[in-house]
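Below is one structure; the comments refer to it alone.
Each ligand, and each atom within it, is numbered from 1 in the order the structure gives.
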Amino acid sequence: MKKHNFYAGPSILPEYTKEKTAEAVLNFAGTGLSVMEVSHRSKEFVAVVDEAVALVKELLKVPEGYSVLFLQGGASLQFLMAPYNLMGSKAAYLNTGVWSKKAMKEAKFFGEVVEVASSADANFNYIPKQFDTPADASYLHYTSNNTIFGTKVDAPEANIPLVADMSSDIFSRPVDVAKHDLIYAGAQKNLGPSGATLVIVKDEALGKIDRLIPTMLDYRIHIQNESMFNTPSTLPVFACLQTLRWLKELGGVEAIEKVNIEKAAVLYDEIDRNKLFQSTVPNKEDRSLMNVTFVMAPEFAELEKEFLDFATANGMVGIKGHRSVGGFRASTYNAMPIESVQALVDTMQEFEKKH
Ligand SMILES: *Cc1c(COP(=O)(O)O)cnc(C)c1O
C-alpha cells in the first residue's frame, strides 16, 4: 500500500532528492567515487557548496551583504550561536512554544532576555500580535513556524533587527531577508536529511560585541572559510542541493507557496467540516501551512486511538500529535504532494461515515 509520510522531522523529501543522492552515493559527479568518500576540498564538492549557496540566495532573494552557510549542530546549536555572536547585554524573544523557549534558555547565558509576549496561557495555540520591543535589545528573535503547536508567525514589526528560527518553514513561503540579521534552519524539515544547518547572516551585524567567541561558534570564521572551516556534512549538503534544484525547477518559493496554501486549505477545511475533529488553532490566520495539528472533537474523544489505527491501516505515517498537544499532527512540507493530503482527508471522511 502507498505510504503517506506526515512525519514532522526528519520528514518527506522530494523523489528527485532521494534519487540523485542515491546515485551520488555510488558515483559522484563522474568521479567513480561515492560523495561520502571524496574530499570536501575537491573541486567537485566545492562546486556543490557553491551552487547550494547560490541557489539559497536566488530562491530567497537574499540581498547583498549577507552570507549563506551550511553548518552542523542543528537549529539547537543556533539557539546558542545567535546570542553568542549578536547579543549585547539584552535581547528580545517572542515566546510561541517549545522551540522559542529553548532559544530563550540559551540566550540567558549571555545577558538579559526580555520575553516580549507569550502564548503560554493557551498552550501556544495562537500568536501574540500586540507587544512592545525594547529599543535597546540587540535583536528580536521569533520562531516563524511552530512545528509542535501548528502555528505560524509572519516577521513581526520591530524597530530592531530580527533573528528567526525558520527550521520548519524555510522555502515554504517568501521571506523578507532584509529585515533579519540572522535566519537559521535545521535541514531536516524542508531541505534535506538531518546533519546540515542553513544559516543566513548579515555580515555587518557581526563583530559588534566585545565578547570572545570560541572559533567553531564564530560566524565570521565560517564565512571566511566558506563553510569549510572544518569538514562540513558532505552527504546532507549534497542532498540539500538536490532539493534546491528541485524547488527552482518547480518555480521557486512563490510557486511552492501556492501549492502549500492549497494543501493546507484542503486539510483545514476537512477538519473544520468533519464533526469528529477540531483544529487546535482557533484563529485561522495563525494556522501553520506546514504542520496541521488537530484533535478529536470533545464528544468523540474516546475515538482517538481508533482513528490513529484506522489511518495507519490506510497508509498514513507519522500523524500522531506531539505529546504536549496530543491528538494528531499532519506535516505537509514542500515535498508532500497534494494527493497525500487528499488521502488523509478521504480517510477522515471514511472514518466519519463509520461513526
Ligand atoms: C525541529 C526544530 C528545531 C530543532 O532542530 P534540531 O536541528 O534538531 O536542533 C528547532 N526549531 C524548530 C522550529 C524546529 O522545527
Provide, line by line, the atom pairs where ligand 1 and the protein bring an N/O atom each to a distance under 3.5 Å; else say none.
residue	atom	partner	partner atom	Å
ligand 1	7 (O)	Ala75	N	3.1
ligand 1	7 (O)	Gln188	NE2	2.9
ligand 1	8 (O)	Gln188	NE2	3.4
ligand 1	9 (O)	Ala75	N	3.2
ligand 1	9 (O)	Ser76	N	2.8
ligand 1	9 (O)	Ser76	OG	2.6
ligand 1	11 (N)	Asp165	OD2	2.6
ligand 1	15 (O)	Thr147	OG1	2.4
ligand 1	15 (O)	Lys189	NZ	2.7

Going through the distances and angles, do Glu285 and Lys152 end up as a salt bridge (charged side-chain N to carboxylate O under 4.0 Å, His left out)?
-> CA-CA 8 Å; Glu285 69 175 31; Lys152 71 151 163 44; over 6 Å; no
All side chain to side chain contact (heavy atoms under 4.5 Å, CB included) counterparts of Ala47, not counting sequence neighbours | none
From Ile183, Leu71, Asn85, Val163, residue fulfilling side-chain contact (heavy atoms from CB on, under 4.5 Å) relative to Gln78 | Leu71
Test: Glu270 and Arg273 ion pair at under 4.0 Å | yes
With a 4.5 Å heavy-atom cut-off, do Tyr184 and Met81 have their side chains touching?
-> no
Look at Lys129 together with Asp286 and state whether they make a salt bridge at an N to O cut-off of under 4.0 Å.
-> yes
